[in-house]
Every structure is written in structure tokens, then in C-alpha cells.
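Structure, as C-alpha cells:
Computed from a prediction, not measured in an experiment: that's the story for all the values here.
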Number of protein chains: 2
Amino acid sequence: MIREALPSWLHYYEKDSYHGENSAMPMQDETNDTVCPVARSVDLVGDKWTILIMRELYMGATRFEEMQIQTAATPQMLTSRLKALEANGLVERRPYNEKPLRYEYLLTDKGWDFYPVIYALRAWGEKWCKNPDEGLAVHFVHRACGHDVGVASVCPHCGDPVERKDLEAVISNRFLGERESRREAFKRK
Amino acid sequence: MIREALPSWLHYYEKDSYHGENSAMPMQDETNDTVCPVARSVDLVGDKWTILIMRELYMGATRFEEMQIQTAATPQMLTSRLKALEANGLVERRPYNEKPLRYEYLLTDKGWDFYPVIYALRAWGEKWCKNPDEGLAVHFVHRACGHDVGVASVCPHCGDPVERKDLEAVISNRFLGERESRREAFKRK
DNA sequence: ATATTAACTATGAAAATCATAGCGTCAATT
DNA sequence: AATTGACGCTATGATTTTCATAGTTAATAT
């Protein structure tokens, strides 16, 4: 007996059954009851676990276990969200090992394109959810000019709008340490 | 008997009990177990209803009923999320009428500052969740130069990074119609 | 008196999530 | 040969959250 693990509002569209720039959009069905792009996005990614998983993917994690460790999601949450992300075309699942069969998860173009949302969440969190003594969790350096862009979306030094691919991420020691200790705690369990 | 309506992971910080740029940040308690700004943001706004409510506030809605109509949230969801948004300093509740006592909800600076997240969700939705025949749900026109910025965060005409306050929103007829018919359906109920 | 407006509250049923444990396949170690 | 460890998951019952539907309250308008 299969237990449905996905919340019903978090839509899940089979590949190639929809139109849109990259074929992953609801057609005229009842779920598509709004033209609001925010509501449509939220229908695909509007929950905590999905957002944290996307963050991990941008952090470079590709494996189930690492995502489980860093997001603290239960395996069910992870499975259901990854399935939805795959069905919705943000993520691709691919075997990296044949025996035993093991999979990794990779961002698609559509998934990479979602990055500005995470970047904006980061900027807001860095500005409004911080103790005075804390530095940035991750520094982004504009490769073209070598300057730290802070939390801006336009390089404060050369004025160009920056995309993730133009930036070098430098993870703070505190954040690195935190991530490492989660790994250790998981192994000790 | 009070029934807790907020999911336990959606944090709720009493005013002035925390530090941060505008006093709304967890201190050293157990919930603040990460320096990741994305995780911290998600702890305050990482759910569907909160995002839709924020969207409505940016659309200009200030009233409980209008938000209920446009988000399709039940009154409980709305109440709990608005309380959290207020406690977390993104929204202010203010009486607009004394007898009977009626409240409206207004964005604070912290709430306005969240706009880039919604804008990024919009851009992604407009690019990836759209049928070919659909135009933009909302056009944003750069007041300074009179040009439509499309989905960009930098005006394609004058090259300036744009903020919400620099933009004139022009809601499409389709979106307007949809919103009006939700209102009618609600009244008929 | 009755209806209407608008911001909510109440309650039981349904759904989603959590906590904890376990499975299956393989390779390496004892 | 048996055990241990990796690692991507699945199973299950208890708990928490949400949904659907209805109702309350205070005041004005009819």
C-alpha cells in the first residue's frame, strides 16, 4: 500500500505533458486556476523542504544522504520532494553507480534558473535575521573583478548584474564547521 | 482550549526579544541552529500561505477578507500566518475602524524588503510555468524611463537596477478578471 | 426587527509529517 | 563464511497540521 507523501497542493506534473518554455506547465486543468506566476511557482516549490533541498543542490550536494544530513529532512520528505522536483523538471536523477545501483540528483537548466529566488532569500536573511556579531555565511566574489558582491544582485564594484555562474562562493568557517558537525552527528547516530 | 494553528517549524518571535538590523532575530536558542540565511528566512516565511499573503500585500490588499478571497486560504490559515508575520515584524496590524473594531495589515520596512523574493518567484514562474499564448500577468514599467522591464531586475532600457518603488504595475485584464470573479464567487457563497 | 458587512473563532474529519526502525544490494574486513 | 559498513531508500504508528463547514460578534443599513 502506497502512502501519498506529497501534500496535494504541491503539484507534480509528468514530464512532457505540458507546454511552456521547457515543457513543464499545467494546461487547462483545474489546478491551473490562476495566471499568477507567483502562485504557479509556489505550487511547485512553495514548501520548506523543497527550498532547503534546492539550497543544498546549489551548495554542491548531489547525494541523498548529504541532503538528508544538511536539511534534517526525514528520508520520506526527501524522497517525495525530490520526486516532485524531478517530475517538475528542476532536477534530474541519474545513476552514478551500477552495483549497487545508486543515484545522484542534478540541477537542470530550469533548476539553475531558480537560483535568484534562493539568492533573494539569502539576501533577506542576511539583512534581517542576523545577530550583530555574525558575518556572512557565504561570501560571493565576482570572478570578473575579484570583488565581494555582498548581498547585492549587481556587483557594487563593476556595476554588472551578477549571476551565480559569475560568482565564486567562499563558505565561512562557521558555516563549514556547522555542516561538518552535522555529518559527524549523523554518522554517530 | 487554544488550538495551535502555526506549524511548529514556522517560527514566531516576539517583538523586541531579539537582535538584528531591526530587532527580529533569534538569539542563542535551540531554533537558531544554523547560520544559513536561507534556512533562517525559510523559518519565517517558508510556506505557501505566507508567500501568497505577501503577494497580496504587494498587490495592494490590506484587508483580511480580500486576502482570504485572493489566496483561497481558510480564515485560520490567514489568521495564523498574519499573526506570525506580525510577530516577526514583516507586517503591522492597525485598526482602520473603531466601531466596530476592524483591522488592516500593512507592510513594514522589513516586509517591503522581502519583495525581491516574490519578484524572483514571479520571474521564474513567468519563464517556466506559462502556456505559449499567455502574456505577463503583471507588467512593470520603469517610471524613470517609461519602459517595460519585463522580468528583469535591471531595466533593459536604462540599465539601472530596479526596485519595486521605481516600478508602475499594470495588471493584465486576464489577471484582473480572475481576481474580480473570485470576489464575486465569494459574495455568492 | 432583519439583513449585511467584515474580522475573525469553533469543531470534527482528513491529510501530512515526524520519529524510529528496517530493507536490499554490494564491497570490504574479520 | 560471516560480519560490518555504505547508502538510497521504505514501513509504520503516533502526532501535528490542515481542510471544510459553520458560527460569532458588533455595528450599521433597511
Side-chain angles (χ1 to χ4, degrees), chain A residues 1-12 42 46-50 52-53 56 61-86 91-106 183-189, chain B residues 1-12 42 46-50 52-53 56 61-86 91-106 183-189:
Chain A
M1 168 166 276
I2 294 162
R3 219 146 38 141
E4 184 54 68
L6 253 197
S8 55
W9 58 266
L10 218 179
H11 295 307
Y12 183 114
V42 158
D47 91 293
K48 183 196 179 185
W49 298 120
T50 303
L52 292 179
I53 290 166
E56 279 312 301
T62 59
R63 302 281 182 82
F64 192 94
E65 196 184 50
E66 177 71 0
M67 296 187 216
Q68 194 187 341
I69 293 169
Q70 301 300 341
T71 63
T74 61
Q76 279 87 343
M77 287 297 102
L78 205 43
T79 304
S80 66
R81 298 316 195 263
L82 284 170
K83 266 188 189 154
L85 284 169
E86 192 191 2
V91 157
E92 220 179 291
R93 189 172 84 136
R94 187 180 82 176
Y96 69 88
N97 193 67
E98 288 303 333
K99 35 184 56 182
L101 192 51
R102 294 275 187 267
Y103 294 99
E104 65 181 347
Y105 297 87
L106 303 172
R183 258 171 233 126
E184 282 161 11
F186 186 86
K187 300 298 180 183
R188 273 199 307 276
K189 135 235 92 163
Chain B
M1 170 172 272
I2 295 161
R3 228 171 2 167
E4 183 55 67
L6 254 197
S8 55
W9 58 266
L10 219 178
H11 295 307
Y12 184 114
V42 158
D47 91 294
K48 184 197 179 187
W49 299 120
T50 302
L52 293 180
I53 289 166
E56 279 312 302
T62 58
R63 303 279 181 85
F64 192 94
E65 195 184 52
E66 177 71 0
M67 297 187 216
Q68 192 186 342
I69 292 169
Q70 300 301 340
T71 64
T74 61
Q76 278 87 342
M77 288 296 101
L78 206 42
T79 304
S80 66
R81 298 318 195 262
L82 284 169
K83 268 188 188 156
L85 283 169
E86 191 191 2
V91 158
E92 220 180 290
R93 190 172 83 138
R94 187 180 83 176
Y96 69 88
N97 193 65
E98 288 302 336
K99 33 183 58 178
L101 192 51
R102 295 276 186 263
Y103 293 99
E104 66 182 345
Y105 298 88
L106 303 172
R183 259 171 233 126
E184 282 161 12
F186 186 86
K187 300 299 178 182
R188 274 199 305 277
K189 135 236 93 163

Legend entry - Rounded interatomic separation in angstrom, taking CD from B/Glu98 and C1' from D/dT25: 16 Å
Legend entry - Cationic tip of A/Arg63 above A/Tyr96 ring, under 6.0 Å, 45° of axis: yes
Inset, instruction - Taking only heavy atoms on the protein side, list every residue of residues 68-79 of chain A lying under 4.0 Å from any atom of DNA chain D, sorted numerically. - result: A/Pro75, A/Gln76, A/Thr79
Inset, instruction - Please state how far atom NZ in A/Lys48 lies from atom P in D/dT17, giving the value in whole angstrom units. - result: 11 Å
Legend entry - SB check B/Arg94 B/Glu86 (cutoff 4.0 Å): no
Inset, instruction - Return the value, rounded to whole Å, for the distance between atom CD of A/Glu104 and atom P of D/dC7. - result: 13 Å
Legend entry - Short side-chain N/O contact to D/dT17 OP1/OP2 from A/Trp9, under 4.0 Å: no
Inset, instruction - Write down the distance between NZ (A/Lys99) and P (C/dA27), rounded to a whole number of angstrom. - result: 7 Å
Legend entry - Heavy-atom check, side chain of B/Leu85 versus side chain of B/Tyr105, under 4.5 Å: no
Legend entry - Minimum heavy-atom distance between B/Thr71 and B/Ile53, given as atom pair plus value: CG2-N, 4.2 Å
Inset, instruction - Please report, rounded to the nearest Å, how far the C1' atom of D/dG8 is from the OH atom of A/Tyr105. - result: 7 Å
Legend entry - Considering all heavy atoms, the nearest B/Trp9-B/Val42 contact: CZ3-O, 3.5 Å
Legend entry - Nearest atoms (heavy-atom pairs only) where B/Leu10 meets B/Arg81: CD1-NE, 3.7 Å
Legend entry - Heavy atoms from other residues, nucleotides or ligands near CD of A/Glu184 exceed 12 (cutoff 6.0 Å): yes
Legend entry - Heavy-atom closest pair, residues A/Leu78 and A/Ala73: N-CB, 4.4 Å
Legend entry - Spacing between A/Phe186 atom CZ and D/dC9 atom P, to the nearest angstrom: 13 Å
Are any protein N/O atoms closer than 3.5 Å to N/O atoms in nucleotides 1-6 of chain C? If there are, list each pair with its distance.
residue, atom, partner, partner atom, Å
C/dA6, OP2, B/Glu65, OE1, 3.4
C/dA6, O4', B/Arg102, NE, 3.4
C/dA6, N3, B/Arg102, NH2, 3.0

Inset, instruction - Could you tell me the separation between the CZ atom of A/Arg93 and the P atom of D/dG8, rounded to a whole number of Å? - result: 11 Å
Inset, instruction - May I ask you to say what B/Arg81 touches in the nucleic acid, namely base, sugar-phosphate or nothing, with a heavy-atom cut-off under 4.0 Å? - result: sugar-phosphate
Inset, instruction - Of all the heavy-atom pairs spanning A/Glu66 and A/Ala61, show the shortest one and how long it is. - result: CG-CB, 3.7 Å
Legend entry - Value in whole Å for how far the C1' atom of C/dA16 lies from CG of A/Asp47: 11 Å
